[in-house]
Amino acid sequence: MTKEELRRHIRSLHPMVKLQQHPRIAAAQTVMLYCALPDEVQTLPLISRLASEGKTVLLPRVTSDTQMELRRYTGKGDLEQGAFGIMEPTGPLFDDYAHIDVAVVPGVAFDRQGHRLGRGKGYYDRFFARVPLYIYKIGVCFPFQIVDTLPTDAHDIAVDSVIF
């Protein structure tokens, strides 16, 4: 293998490259993503790309100690630093949850059954409890964040697949 082939191969293993190539993302018209913290898989390039393709991109905005809402991403200019130092959208509110095709979520860790360990506030679990069950959920993380099993509670909502 040449150096250039090796570079291409290594880049292809990155979770974001795998996510971009996921058939659910390609087929989706409305995608829920997240703005990453420094220790999470960065999503801004995918957010921009999907928006430029005409897809509806939704991002969470924390509204209280227990809740978040979705806002439509309209461009980098509508992002501002919000709760916990996370970039949050200021675009129009989106609450037509039945039209979300796929939701991409971060996690501190995921197990092979799709269980997710978040940061401990429960925002995503509470949010997913309010949306239709058929929304396809993809967890995205780095390989070192995959564990064999995670402890779970009755209110925890698993993802349908994990990309690492």
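FYI, side chains are in, hydrogens and waters are out, and symmetry mates aren't considered; it's all heavy atoms of this structure. What you are looking at is a predicted structure, and each value in this text was computed from that prediction instead of being measured.
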Any side-chain heavy atom of [X] sitting closer than 4.5 Å to one from [Y]?
X	Y	answer
Phe164	His14	no
Glu88	Gln81	no
Thr56	Gln29	no
Pro89	Leu79	yes
His115	Thr149	no
Leu59	Arg71	no
Phe84	Arg119	no
Val41	Pro106	no

Checklist entry - What do you reckon, is CG of Asp153 surrounded by more than 12 foreign heavy atoms closer than 6.0 Å? => result yes
Checklist entry - Counting heavy atoms not belonging to Ile10, are there more than 12 under 6.0 Å from its CD1? => result yes
Are [Y] and [X] co-members of a hydrophobic cluster defined by side-chain heavy atoms under 4.5 Å apart?
X	Y	value
Val147	Ile163	no
Val104	Leu44	yes
Leu37	Ile138	yes
Leu6	Val17	no
Val62	Phe128	yes

If every non-hydrogen atom of [X] is compared with every non-hydrogen atom of [Y], which pair is closest and at what distance?
X	Y	answer
Pro15	Val140	CB-CG2, 3.9 Å
Asp160	Ile135	OD2-O, 3.6 Å
Ala36	Gln42	CB-NE2, 3.5 Å
Ile157	Lys137	CG2-CE, 3.8 Å
Val57	Ala51	CG2-N, 3.8 Å
Glu40	Phe142	C-CE1, 3.8 Å

Could you tell me whether the side chain of [X] and the main chain of [Y] form a donor-acceptor pair under 3.5 Å?
X	Y	result
Ser52	Arg49	yes
Thr2	Glu5	yes
Thr30	Asp101	no
Gln145	Gly107	yes
Lys55	Ala26	yes

Checklist entry - Does the side-chain contact (heavy atoms from CB on, under 4.5 Å) test come out yes or no for Val162 and Arg116, once each step is laid out? => result CA-CA 9 Å; Val162 180; Arg116 176 182 167 275; over 6 Å; no
Next on the checklist: Tell me whether Arg130 is salt-bridged to Asp95, with the criterion being a basic N under 4.0 Å from an acidic carboxylate O.
Outcome noted: no
Item to check | Those residues that, when tested against Tyr34, pass ring-ring contact (aromatic ring centres under 6.0 Å, His included) (two or more places apart) | outcome: none
Nearest 0.5 angstrom please: [X] [atom1] to [Y] [atom2], how far?
X	Y	atom1	atom2	value
Leu150	Phe110	CG	CZ	9.0 Å
Lys76	Ile47	NZ	CD1	9.5 Å
Met16	Leu46	CE	CG	5.5 Å
Glu69	Phe127	CD	CZ	10.0 Å

Next on the checklist: Taking the cut-offs as 6.0 angstrom to the six-membered ring centre and 45 degrees off its axis, would you call Arg126 and Tyr124 a cation-pi pair?
Outcome noted: no
Checklist entry - Which of parallel (below 30°), tilted (30 to 60°) and perpendicular (above 60°) describes Tyr136 and His22? => result tilted
Next on the checklist: Using the rule side-chain contact (heavy atoms from CB on, under 4.5 Å), only one of Leu50, Leu58, Ile25 pairs with Leu33; which is it?
Outcome noted: Leu50
